[in-house]
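What follows is one structure encoded as structure tokens, with my remarks underneath.
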Number of protein chains: 2
Amino acid sequence: MARLVYERADLLPLLGEVFREHGFEGASLAVISRRTGLGKGSLYHFFPGGKEEMAAAVLAHVDHWFETQVFRPLREEPDGRRAITAMLEATDAYFRSGRRVCVVGVFALAESRDRFAVKVASYFSAWIDALAGALGRAGHPPDDARALSEEAVGLIQGALVLARALDDPAPFARTLARLKARLVPERPAP
Amino acid sequence: MARLVYERADLLPLLGEVFREHGFEGASLAVISRRTGLGKGSLYHFFPGGKEEMAAAVLAHVDHWFETQVFRPLREEPDGRRAITAMLEATDAYFRSGRRVCVVGVFALAESRDRFAVKVASYFSAWIDALAGALGRAGHPPDDARALSEEAVGLIQGALVLARALDDPAPFARTLARLKARLVPERPAP
DNA sequence: CCTTAATTGTACCGATCAGTACATTCTGTA
DNA sequence: TACAGAATGTACTGATCGGTACAATTAAGG
């Protein structure tokens with residue numbers, strides 16, 4: 001058989017999609033095997049810890065993506081408005097304008113939250129912290145910035161739930177547009 | 001053994017908690033049996049359709065609760081501001097101030113969405129429609145009302161995800177407080 | 001070509017899954 | 001008390017679960 005996967009890292013995007021679509025409980029080794037094209041032998045070769053290790057690797061992979069593409073720019077870009085605009089664009093791209101849900105959110109709602117409690121919690125708190133900082137640099141008063149950041153991150157997650165529930169990505173797109181207007185108004189925040 | 005359950009309806013709250021905590025895939029008949037105190041014989045006596053019928057009954061039960069306690073008051077209470085305030089209070093009570101997640105949201109994010117697509121979608125669209133009407137009666141311009149309603153429902157769902165992810169109900173409470181300030185401002189909306 | 005180790009598919013394990021069959025136990029009505 | 005039907009627990013089914021063992025295959029180095 002042709003060798004399609006050369007590295008463990010090549011598997012992570014595929015595994016990510018499987019867990020995103022099925023959740024942890026619903027992602028059976030059978031569907032993982034089918035979607036990756038790898039037998040159990042290969043899967044356990046790359047992930048001796050089994051399904052739990054696969055899910056942990058996916059969470060770490062997602063966290064790393066957001067850390068480098070979203071959180072760090074939010075923290076380090078001196079221009080707060082530019083940082084927030086970039087975050088909204090990256091978010092829109094990552095979630096495919098609402099056609100993709102958040103695997104961390106999926107894990108958070110189900111039983112699997114307890115198993116991955118630390119990673120799930122740190123993902124959201126890192127996002128809120130980084131965005132609050134950028135909002136502060138964009139001119140929002142510190143007290144507002146924190147509340148606004150929490151609201152924005154929650155709004156994104158809620159819009160993903162809504163988009164999936166209604167089977168329509170439009171609510172997510174509208175939410176991002178409203179968020180942009182609120183977080184980065186045409187005239188800098190008072 | 002003492003008979004604890006006399007009617008199928010008595011089971012729905014128990015089943016609701018199980019599906020809320022475990023999701024559809026994660027709620028095995030073993031845990032359902034343990035949590036309800038009923039053997040499989042009894043469960044299949046009440047729900048010949050098995051797990052799927054149980055979940056459908058739970059969704060219908062939740063939908064009925066929201067219909068009578070939230071959606072209908074939102075539609076029929078002439079005073080829009082009063083209707084919205086009552087909705088926020090009922091929502092806070094139902095979700096136990098953020099200590100409880102939304103079983104429809106849980107179903108929406110996981111694979112189970114496809115199985116219950118109609119009920120999941122209608123729950124959210126009914127909520128958004130009813131709230132948009134009340135917002136209109138509360139003085140919000142029609143265009144704003146629709147967008148504001150969608151945002152509010154999404155915000156509630158997102159806050160539930162956040163509360164569960166961070167294992168802290170506070171974000172939900174703060175979100176409801178902000179929502180109240182936005183939907184029912186001290187001085188009626190412009 | 002030969003060796004070696006990494007990689008992979010397959011057969012299997014015990015446990016658990018949803019669901020069925022059915023005998024037993026209750027409960028209400030004579 | 002006696003009976004009928006509802007309610008219930010238990011034992012089972014085949015399928016699938018996550019995970020293991022291991023032999024066959026592959027690729028790289030000499």
Side-chain angles (χ1 to χ4, degrees), chain A residues 1-60 103 106-107 110-116, chain B residues 1-60 103 106-107 110-116:
Chain A
M1 169 179 287
R3 183 162 141 168
L4 299 171
V5 174
Y6 292 85
E7 312 233 11
R8 174 183 145 130
D10 299 332
L11 285 172
L12 293 179
L14 295 173
L15 290 175
E17 289 306 308
V18 174
F19 283 116
R20 187 188 314 277
E21 293 169 20
H22 298 81
F24 182 78
E25 284 83 10
S28 71
L29 282 186
V31 14
I32 294 175
S33 175
R34 181 160 40 84
R35 291 281 291 270
T36 57
L38 260 51
K40 290 192 186 183
S42 312
L43 291 172
Y44 275 84
H45 169 71
F46 287 117
F47 302 96
K51 210 169 89 160
E52 178 142 356
E53 184 176 343
M54 297 179 209
V58 164
L59 284 182
V103 65
V106 172
F107 276 37
E111 209 182 358
S112 44
R113 192 212 80 97
D114 303 323
R115 208 189 289 251
F116 305 102
Chain B
M1 171 178 288
R3 182 159 140 170
L4 299 171
V5 174
Y6 291 85
E7 312 233 13
R8 174 183 145 131
D10 298 333
L11 286 172
L12 293 179
L14 296 173
L15 291 175
E17 289 307 310
V18 175
F19 283 117
R20 190 189 310 280
E21 293 169 20
H22 297 82
F24 182 77
E25 284 82 11
S28 72
L29 282 187
V31 17
I32 293 174
S33 177
R34 179 160 41 84
R35 291 281 292 270
T36 57
L38 260 51
K40 291 192 185 182
S42 312
L43 291 172
Y44 274 85
H45 169 71
F46 288 116
F47 303 94
K51 210 170 88 161
E52 179 141 356
E53 184 177 345
M54 298 179 207
V58 163
L59 285 182
V103 66
V106 172
F107 276 37
E111 207 182 359
S112 44
R113 192 212 80 97
D114 303 323
R115 209 188 289 251
F116 305 102

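In what follows, chains are A, B, ... by sequence order, proteins preceding strands, each numbered from 1.
- Using a 4.5 Å cut-off on side-chain heavy atoms (C-beta onward), B:L29 and B:M54 make contact.
- Minimum interatomic distance between B:A110 and B:E25 (heavy atoms only, all atoms of both residues): CB-OE1, 3.9 Å.
- Summarising the geometry, the separation between CG on A:L38 and C1' on D:dT26 is reported as 14 Å, rounded to the nearest angstrom.
- Near-neighbour residues of DNA chain D inside residues 22-30 of chain A, defined by a heavy atom below 4.0 Å, number-ordered: A:A27, A:S28, A:L29, A:A30.
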Please walk me through it: do B:H22 and B:R35 pass side chain to side chain contact (heavy atoms under 4.5 Å, CB included)? CA-CA 12 Å; B:H22 297 82; B:R35 291 281 292 270; 4.1 Å; yes
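- To the nearest 0.5 Å, the span separating CG on B:L12 from CZ on B:F46 amounts to 10.5 Å.
- The two atoms that bring A:E53 and A:F47 nearest to each other are OE1-C, 3.6 Å, heavy atoms only.
- Side-chain N or O atoms of A:K40 include none that pairs as donor or acceptor with a backbone N or O of A:A30 at under 3.5 Å.
- In this structure, the separation between CD on B:E52 and CZ on B:R115 is 4.5 Å, given to the nearest 0.5 Å.
- The nearest pair of heavy atoms linking B:G23 to B:F107 is C-CE1, 4.3 Å.
- Here C:dT16 presents its C1' atom at 14 Å from CD1 of B:I32, a figure rounded to the nearest Å.
- One atom, CZ of B:F46, and another, C1' of D:dA7, lie 7 Å apart when rounded to the nearest Å.
- For the pair A:K40 NZ and D:dA23 P, the computed distance is 19 Å after rounding to whole Å.
- Comparing atom distances between the B:Y44 side chain and each of C:dT8, C:dA11, C:dA18 picks out C:dA18 as nearest.
- The stretch residues 50-59 of chain B touches DNA chain C through B:G50, B:K51, each having a heavy atom under 4.0 angstrom from the strand.
- Put simply, CG on A:L43 is 14 Å from P on D:dC17, counting in whole angstrom units.
- For A:R8 and C:dA6, the CZ to C1' distance is 16 Å, given to the nearest whole Å.
- None of A:L43, A:V18, A:L38 except one satisfies the side-chain contact (heavy atoms from CB on, under 4.5 Å) rule with A:S33; the exception is A:L43.
- Considering every non-hydrogen atom in both A:Y44 and A:G50, the closest pair reads CE2-CA, 3.5 Å.
- The CG atom of B:L59 sits 9.5 Å away from atom CZ of B:F24, with the distance rounded to the nearest 0.5 Å.
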Detail all sub-3.5 Å separations between protein N/O atoms and N/O atoms belonging to nucleotides 4-6 of chain D.
none

